[in-house]
*Asks:* 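Questions regarding the structure given below will be posed in turn.
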Amino acid sequence: MKYRTLVSAEQIEARLAEMGAEITADYAGQDLLLIAVLKGAFMTLADLARHIEVPLDMDFMAVSSYGDATKSSGVVRILKDLDTEISGRHVLIVEDIVDSGLTLSYLRRNLEVRGPASLEIATLLLKPGLQKVPLDVKYIGFEIPPDFVIGYGLDYYGQYRNLPYVAVLEEE
Ligand code: PRP
């Protein structure tokens with residue numbers, strides 16, 4: 001496959017440092033629980049967390065969409081739930097990308113009923129205008145065009161998650 005860099009490793013690192021500083025300021029004096037949605041978000045979580053300077057712990061969820069692979073149904077099945085009780089906690093969901101927004105919309109509703117003290121979303125990438133549901137995303141790394149992207153946690157049939165940058169797949 002041919003691909004070209006869309007967001008470089010240096011740009012990602014610089015932006016995550018800014019986001020981490022913003023999150024550090026916003027949550028000053030509070031404990032934070034970072035929740036990442038597997039698998040794609042693992043790299044954003046690892047690198048963003050290194051720039052957050054309030055006490056925090058981390059937990060993970062794995063989800064899959066019902067219906068066809070296009071995940072347009074918006075119905076999400078939880079494959080792995082949190083190990084942690086989030087009642088009364090300050091929760092920040094960390095994602096690699098918001099596309100249709102359906103995954104996060106479902107997750108937000110699912111987590112909200114568990115009674116967190118606060119619940120916000122941070123994403124490295126967001127494709128503006130493609131959201132099928134209104135979604136309040138507090139921390140956004142980069143707004144990108146609606147192309148299919150790989151790298152930095154994002155896959156194409158399971159591959160390319162290890163690229164240190166975000167790239168756009170190009171036609172052969
Ligand atoms: C990606 C990404 C988000 C979701 C965003 O995960 O990590 O969870 O898609 O899409 P949406 O805004 O249209 O709901 P994916 O389902 O590809 O799983 P993966 O992270 O395991 O690769």
Side-chain angles (χ1 to χ4, degrees), residues 1 3 5-7 9 11-13 15-16 19-20 23 32-52 58-84 86 91-114 116 119-170:
M1 296 296 294
Y3 48 89
T5 303
L6 180 70
V7 189
Q11 289 174 304
I12 294 170
E13 170 60 15
R15 185 70 188 111
L16 290 180
M19 292 168 76
I23 291 165
L32 187 56
L33 174 64
L34 298 179
I35 294 177
V37 186
L38 297 171
K39 298 173 181 162
F42 78 96
M43 207 173 279
T44 301
L45 175 79
D47 286 344
L48 177 62
R50 276 178 259 208
H51 293 290
I52 300 175
M58 303 174 186
D59 204 347
F60 298 87
M61 288 183 84
V63 300
S64 92
S65 303
Y66 276 118
D68 59 27
T70 64
K71 67 172 68 173
S72 52
S73 72
V75 182
V76 173
R77 186 162 54 112
I78 295 180
L79 303 177
K80 183 218 169 294
D81 206 338
L82 300 173
D83 299 330
T84 323
I86 65 168
V91 173
L92 180 61
I93 304 173
V94 178
E95 261 290 19
D96 48 342
I97 189 163
V98 177
D99 199 332
S100 71
L102 292 170
T103 305
L104 273 177
S105 170
Y106 173 87
L107 270 183
R108 182 185 252 286
R109 273 181 283 127
N110 183 288
L111 296 180
E112 200 72 71
V113 298
R114 306 184 197 191
L119 179 59
E120 300 292 351
I121 297 168
T123 186
L124 179 69
L125 307 170
L126 182 139
K127 295 177 176 175
L130 291 194
Q131 286 72 58
K132 294 182 176 158
V133 283
L135 188 66
D136 184 17
V137 183
K138 185 160 187 188
Y139 307 98
I140 299 170
F142 299 93
E143 297 193 340
I144 60 167
D147 306 304
F148 190 86
V149 286
I150 56 168
Y152 203 75
L154 295 152
D155 74 307
Y156 178 67
Y157 292 107
Q159 300 272 306
Y160 303 108
R161 293 191 198 275
N162 57 313
L163 295 180
Y165 51 86
V166 175
V168 178
L169 273 188
E170 290 183 321

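Start at 1 with the first residue, then count along the sequence. For ligands, and for the atoms within them, numbers begin at 1 and follow the listed sequence.
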*Asks:* For atom 13 (O) of ligand 1, which candidate among Ser100, Ala41, Ser64, Ala36 provides the closest heavy atom?
*Replies:*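 Residue with the shortest heavy-atom distance to the ligand atom: Ser100.
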*Asks:* With the side chain counted from C-beta on, respond yes when Leu102 and Val133 share a heavy-atom pair under 4.5 Å apart, and no when they do not.
*Replies:* yes
*Asks:* Before signing off on this row, confirm whether Leu104 and ligand 1 have an N or O atom pair separated by under 3.5 Å.
*Replies:* no
*Asks:* Only counting residues at least two apart or in another chain, list the ones meeting salt bridge (Lys or Arg N to Asp or Glu O under 4.0 Å) with Asp136.
*Replies:*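 By the salt bridge (Lys or Arg N to Asp or Glu O under 4.0 Å) rule, Asp136 matches no residue at all.
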*Asks:* Measure Glu95 to ligand 1 on non-hydrogen atoms and call it side chain, backbone, both or neither using the 4.0 Å cut-off.
*Replies:* side chain
*Asks:* Heavy-atom pairs closer than 4.0 Å: do any link ligand 1 to the side chain of Ile97, the backbone, both, or neither?
*Replies:* both
*Asks:* Number the atoms of ligand 1 from 1 as they appear, then name those within less than 4.0 Å of a heavy atom of Asp96, with their elements.
*Replies:* 2 (C), 7 (O)
*Asks:* What atoms of ligand 1 come within less than 4.0 Å of a heavy atom belonging to Arg161?
*Replies:*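 Going through ligand 1 atom by atom, the ones under 4.0 Å from Arg161 are 19 (P), 21 (O), 22 (O).
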*Asks:* Could you measure the distance from the CG atom of Leu119 to the CZ atom of Arg109? Nearest 0.5 Å is fine.
*Replies:* 12.5 Å
*Asks:* Is it the side chain (CB and beyond), the backbone, both or neither of Leu38 that lies under 4.0 Å from ligand 1, heavy atoms counted?
*Replies:*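 Backbone only.
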*Asks:* Which atoms of ligand 1 sit under 4.0 Å from any heavy atom of Asp155?
*Replies:*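 It comes down to these atoms of ligand 1: 22 (O).
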*Asks:* I'd like to check Asp59 versus Lys80 (side-chain heavy atoms, cut-off strictly below 4.5 Å). Are they in contact?
*Replies:*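 Yes. Closest side-chain heavy atoms under 4.5 Å.
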*Asks:* Taking the six-membered ring for Trp, are the ring centroids of Tyr156 and Tyr3 within less than 6.0 Å of each other?
*Replies:*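 Between Tyr156 and Tyr3, the centre distance exceeds or equals 6.0 Å.
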*Asks:* For Asp155, enumerate each residue passing the salt bridge (Lys or Arg N to Asp or Glu O under 4.0 Å) test, keeping only those at least two apart in sequence or located in another chain.
*Replies:* Arg161
